[in-house]
Every structure is written in structure tokens, then in C-alpha cells.
Number of protein chains: 2
Amino acid sequence: MSEPLENGSNYTANKYRTPDGAPADIVIFTITSKERNAAKKSLPQRELQVLLIQRKLWPFEGQWALPGGFCKESETMYDCAKRELAEETGVADVHMEYFNVYSEPGRDPRGWMISHTFFALVNESLLLNRRAADDAADVRLFTVEKALKMDLAFDHELVIKDALNRIQHKMLTTTIAREFLPQEFTISELYQVIQTVMPGFEERNFVRKITSTQSRKGIIEEVRDLHGDLKMSNRYSQRAAQLYRFNDYVPQLSIYS
Amino acid sequence: MSEPLENGSNYTANKYRTPDGAPADIVIFTITSKERNAAKKSLPQRELQVLLIQRKLWPFEGQWALPGGFCKESETMYDCAKRELAEETGVADVHMEYFNVYSEPGRDPRGWMISHTFFALVNESLLLNRRAADDAADVRLFTVEKALKMDLAFDHELVIKDALNRIQHKMLTTTIAREFLPQEFTISELYQVIQTVMPGFEERNFVRKITSTQSRKGIIEEVRDLHGDLKMSNRYSQRAAQLYRFNDYVPQLSIYS
DNA sequence: CTAATAGTGTCTCTCAGACAGTATCCT
DNA sequence: AGGATACTGTCTGAGAGACACTATTAG
């Protein structure tokens, strides 16, 4: 490793140019549910949304951007993102993952800023009582589609695209769908969540595969009540549907087996 | 986003504490082949190795560490890692991927250093003519197993563990095995590479699955010579084995289908 | 001939994929 | 009654998993 400056055990101030800041930016995804007006009880319309703040100050004043903020010397990047998430939305204990670094020279007019990006998956219910933080003029949810058409601050359009790709991939290969769902959910809800994130997804025998094939039935399990009877829900349908919950088990995928 | 300092469009020097550097560190993996001494031609013994440098200067003087170096304002992190990889090993155009950030306070005695880590997968043949760079006392390959038992500089033990986990996962879900193989290879070679990275891997009907199942046969294809005849190799066996090459196709994995 | 690797045959049970059909029950 | 969702039956062909077996050829 080539150090900026070395003098034996007397390491003095760095005489090289150092970054002007290490921000963390967070792509907060949520899935909103809206009732369709059908004649009977029906499945809600779901949309993948991303939370943006409107900047109050230079640079990119007035434009929409990802929430985020600068890392302090006393915290890790993850802690920083967690803190910023809490400050911007009031939510804690949600699934948040680091996914990339953005270091293109000139990406931030304020100087040499290397941005660390996270995505968070938040249940809609947790984002109800959000408010604009001090440094933001406004906070709002946008559908991902709409957000990508806006003129966002910094390189945040690219960041959102990358985050979307990442969660789309993880949606099919891990059980992150759970982050958008209540603890107990129906197969239709799960199916809808997957389709919302991954619009092309279609699996005709979905119910059967996930509940009865040898290799997958460890993913979810039926919920039973105190008497050991199967627990059902008729929230979205006349005929009550079986409730399921996720297990800890995550199947190992392989292209070679 | 909460800025360190804002004053309208006159943004002045940052009065907050800023990082003392943004290094990139690279976990360079390679698979070495060693002939076994058997009575007949036989498959080589393969080992997963990682390239380390011995530090010449404070801090961690004399200890082994990952190659790496500080990012410049004019380059991206990826460019930085590519540059350092070339400086340390003389190799270019290899598979290199960003995989994590390490920002634990106090991880570097020189100050507040946020390290960005990459892994590179390099064919053994490319690492032959390496030499110690200016700031390193020595450069050497170690088996991953051995490297993890050494007292490495910084948090590099953790970094290597994380990188290993990442490539183990990618070995089974993507076609990165190609990075360790020549363009044309036999099924046994491919199988060995997978096993070297993923010691638990076992697949009895490997040949059959990868060559003749509908869903997978796009991954590799048989190599033919100019006359259209199948191209074989008897490098590791008496009976010549079919040569294959990777296609661009990568199967889409899913836990739901 | 023999060691070492390469590759095939065969059998059973499960799964994928498609689609039609039945079940439930609120409005 | 009928609309909306929930779930089951059934059929075909492909694949998973196991293991024994044949093929090839340098040394």
C-alpha cells in the first residue's frame, strides 16, 4: 500500500489531497397499496416507490435528491446511513444494505465527494408520519418510473437505477420480499410484491411450486392458530386464503446443479 | 442531504472533519495448478491463492497486507484499483469487481481512512512475472487458508473473508469460473475450479447436466476445429476429453421458479 | 496390462409447464 | 346470481439423483 506520506513511526499530517467528504445516500424503497374500485373485494394495486427529498440549498437547489448525509469520523458508513434514514423518515430496524460507491470526479460541485449508497426496504406503514427534515424543502414518495424521468440532483438517477437492478435481482434470489410484507401474508400478496418489483415476473403454478415442491417448501410455512388450525385471511377476497410466514431458510441457488 | 457548510452559491472550504484518505484494496485471487506424481497422466492439484505484499513501512511494518493504494481526486475508485493492480502485479484486463467498504473507526492508525475493496480473479499464468513494488518488501501468493491464519495488517483478514464469501457465492451463481480457466477447457477442469473455490461442491452427474439439460446447455458449448470436428484435449488424461468454451449466456436463477 | 480419466445406460421419482376445472363467499 | 379470488386435478415431457457400466490410451 502506497501511503501519502511516510516517515517511520512519525506519521504526520497528510500532505496529499484528501476527499472533502464521505456522504452516504439511501435509496428508500416502499410498495404502496391502493384499493382498486371493483365490484367485490379485490387485490390492491401496488406500486414500487422511492422516497426523495427536495433540496433547499445549493447545489441543485430546488431539485429532488436521495436522502443522505455526511459520515462522521466516529461512525461507520452503515451507522451513518442508519442515522440519516432515521433522521429523514423516523424509521429504524429496517432492511438496509450497502450496494455501491460513486466516485466519478466532478460528481459533486462542492468538491471531492465519494458517495456511499445503500438501499432500504420499508413497509409502507412505517413511512406514514414522515416530515421534511431541516435541510429539505419537501419529502415525498415517487414511483420509481416517475423518479427516473425527473431531473434529479447529482448522479442520483444512476444510483436509483443501480439500486433498482440490485433489488430486482435480490427479489428473485433471496427472500427480501418479506421486507415489503406483513409477518403473515397470503400467496397472492407475495406474488404481487414480486411482480411489483419485477414487472416481467410470471409463474403460473406459483402456489404449487412454493408450497409443495421439495426444494422450495422450506421458504415459507403455513400459519396456524392456537388450536393448531390453519389461519386464513379474507382481506382481499371472498374465499379466505391461507396465511403464510417466511422461514429463515434460504435455498442455495446454483447454475451447476 | 445535510451539507458540512452552505452559504448560498458561495460554497467555501469545508470546516468539518474530512477523511484523511480513500484507499482501494484489492484481493487478488488465483488458482495454482501443481502436478501430482501419479503413475499416469492425471489431473493437477489446484489451490486457491491470494496475493499479499509485505509492508515495508509504518504502520504494520513487516506484516502482510492486501495490495492497494490511495485514490486520487482525478480518478474513480475503480480506476484507482485498476491502477494499483497494474502497479503491483503488472496485469491488466482481468475481472475485477467492487465488493465492499470498510469504515470502522480506528481501522487505520494513520487517520480516518475509508477503504474500498475489490476482488480480482486472475489466471495463474498472468502472475508469473510479478515483482515487489517500491513500497513493499516482498510479494507472494498464499493459500487462502494460510492467509487467514496469519496476522495480517489492518482489517485485511476480514476483507479476505468477505471477498472469499463473495466469490464462493458467485462461483455457483455466475460464470466467473471462466476467469480462472483458459478459453478452451475440459469439463474436469471446470469441475476442479468450482471445487477449489467451493470445497463442499459435489455434483455426480455434472457432465450430463451442464451439457445436455435444456436449461443449462446455453452456458458452455463444444469447441470445433476448422473442419467442424470436435476438438479434444489429452493434457490431463489418456483418453482425450472434449473441449468447451463459455458462451455469453448466463442463466437467470430464481427461488420462485 | 493397468491406472487414470472420459463418458454412457438405465431406472425411479420428482418437477415444470399448461390449462381446465372446482371451491368459497361477499355483495 | 355472479364476480372475484383461492385452490386442485391431471397430463406430458424433462430433469434430478444414484450407480453401474463401457471407452480410451499413455506408460
Side-chain angles (χ1 to χ4, degrees), chain A residues 33 35-46 172 184-193 195 201-220 222-223 229-244 251-257, chain B residues 33 35-46 172 184-193 195 200-220 222-223 230-244 251-257:
Chain A
S33 299
E35 271 188 35
R36 283 187 299 152
N37 45 355
K40 310 273 167 145
K41 265 190 195 177
S42 62
L43 291 166
Q45 185 163 0
R46 298 182 193 256
L172 294 186
E184 302 179 353
F185 54 87
T186 66
I187 299 291
S188 295
E189 284 184 283
L190 171 57
Y191 191 71
Q192 274 205 310
V193 163
Q195 279 199 322
F201 184 77
E202 187 185 318
E203 198 59 53
R204 306 235 170 154
N205 286 340
F206 187 70
V207 186
R208 193 174 253 133
K209 277 196 188 174
I210 203 168
T211 56
S212 57
T213 64
Q214 202 75 36
S215 56
R216 289 185 191 79
K217 72 177 155 200
I219 301 176
I220 59 172
E222 297 152 344
V223 181
D229 298 328
L230 293 170
K231 201 167 160 193
M232 318 288 275
S233 156
N234 66 343
R235 195 147 68 107
Y236 300 123
S237 60
Q238 278 68 45
R239 176 170 174 179
Q242 177 61 49
L243 286 171
Y244 290 85
Q252 294 310 304
L253 295 171
S254 166
I255 63 172
Y256 298 116
S257 57
Chain B
S33 299
E35 271 187 35
R36 284 185 301 154
N37 46 356
K40 311 273 169 141
K41 267 189 193 175
S42 62
L43 291 166
Q45 186 162 0
R46 298 183 193 255
L172 294 186
E184 302 178 355
F185 54 89
T186 67
I187 298 292
S188 295
E189 285 184 282
L190 172 57
Y191 191 71
Q192 274 204 312
V193 164
Q195 279 199 321
F201 184 77
E202 187 185 317
E203 199 58 55
R204 307 233 171 157
N205 287 339
F206 187 69
V207 187
R208 194 174 251 133
K209 277 196 188 175
I210 203 168
T211 56
S212 56
T213 64
Q214 201 76 34
S215 57
R216 288 185 191 79
K217 73 177 153 200
I219 302 175
I220 59 173
E222 297 153 342
V223 181
L230 293 170
K231 204 168 160 192
M232 318 288 276
S233 157
N234 66 341
R235 196 148 70 107
Y236 300 122
S237 60
Q238 279 67 44
R239 175 171 174 180
Q242 177 61 49
L243 285 171
Y244 291 85
Q252 294 310 304
L253 295 171
S254 166
I255 62 173
Y256 298 117
S257 57

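Order of the sequence lines fixes the chain letters, A, B, ..., with proteins taken first and strands second; residue numbering starts at 1 for each chain.
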Contact class for [X] (heavy atom, under 4.0 Å): base, sugar-phosphate, or nothing?
{"X": "B:R36", "value": "sugar-phosphate"}
{"X": "B:K40", "value": "base"}
{"X": "B:L43", "value": "sugar-phosphate"}
{"X": "B:E189", "value": "nothing"}

In whole Å, what is the span from the [atom1] atom of [X] to the [atom2] atom of [N]?
{"X": "A:F206", "N": "C:dA16", "atom1": "CZ", "atom2": "P", "result": "13 Å"}
{"X": "A:Q242", "N": "D:dT8", "atom1": "CD", "atom2": "P", "result": "10 Å"}
{"X": "B:E222", "N": "C:dG7", "atom1": "CD", "atom2": "C1'", "result": "13 Å"}
{"X": "B:I210", "N": "D:dG15", "atom1": "CD1", "atom2": "P", "result": "14 Å"}
{"X": "B:K209", "N": "C:dG7", "atom1": "NZ", "atom2": "C1'", "result": "17 Å"}
{"X": "A:R235", "N": "D:dA6", "atom1": "CZ", "atom2": "P", "result": "12 Å"}
{"X": "B:F201", "N": "D:dG17", "atom1": "CZ", "atom2": "P", "result": "11 Å"}
{"X": "A:E202", "N": "C:dC19", "atom1": "CD", "atom2": "P", "result": "10 Å"}

Distance in Å, A:S233 OG paired with A:E189 CD, rounded so as to fall on 0.5 Å steps:
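It comes to 6.5 Å.
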NZ on B:K40 to OG on B:S237, rounded to 0.5 Å:
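That separation rounds to 13.0 Å.
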Can the ring centroids of A:Y256 and B:Y191 be said to lie less than 6.0 angstrom from one another?
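Centroid separation for A:Y256 and B:Y191: 6.0 Å or greater.
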Starting at the 5' end of DNA chain C and moving along, which residue's nearest nucleotide shows up first, B:Y236 or A:R204?
B:Y236
Protein N or O to nucleotides 8-12 of chain C N or O, pairs below 3.5 Å:
residue: C:dG9; atom: N7; partner: B:R208; partner atom: NH2; Å: 2.5
residue: C:dG9; atom: O6; partner: B:R208; partner atom: NH1; Å: 2.9
residue: C:dG9; atom: O6; partner: B:R208; partner atom: NH2; Å: 3.4

Result for 5'-nearest mapping on DNA chain D, choosing between A:Q238 and A:S188, is A:Q238
Looking at the side chain of A:S237, which of C:dG7, D:dT5, D:dA26 is the nearest nucleotide?
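So the side chain of A:S237 is nearest to D:dT5.
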Which nucleotide in the set D:dG15, C:dA6, D:dA26 lies at the smallest distance from any side-chain heavy atom of B:A241?
C:dA6
If every non-hydrogen atom of [X] is compared with every non-hydrogen atom of [Y], which pair is closest and at what distance?
{"X": "A:K209", "Y": "B:S257", "result": "NZ-O, 3.4 Å"}
{"X": "A:V223", "Y": "A:Q242", "result": "O-NE2, 3.3 Å"}
{"X": "A:I219", "Y": "B:I255", "result": "CD1-O, 3.9 Å"}
{"X": "B:R36", "Y": "B:L43", "result": "NE-O, 3.0 Å"}

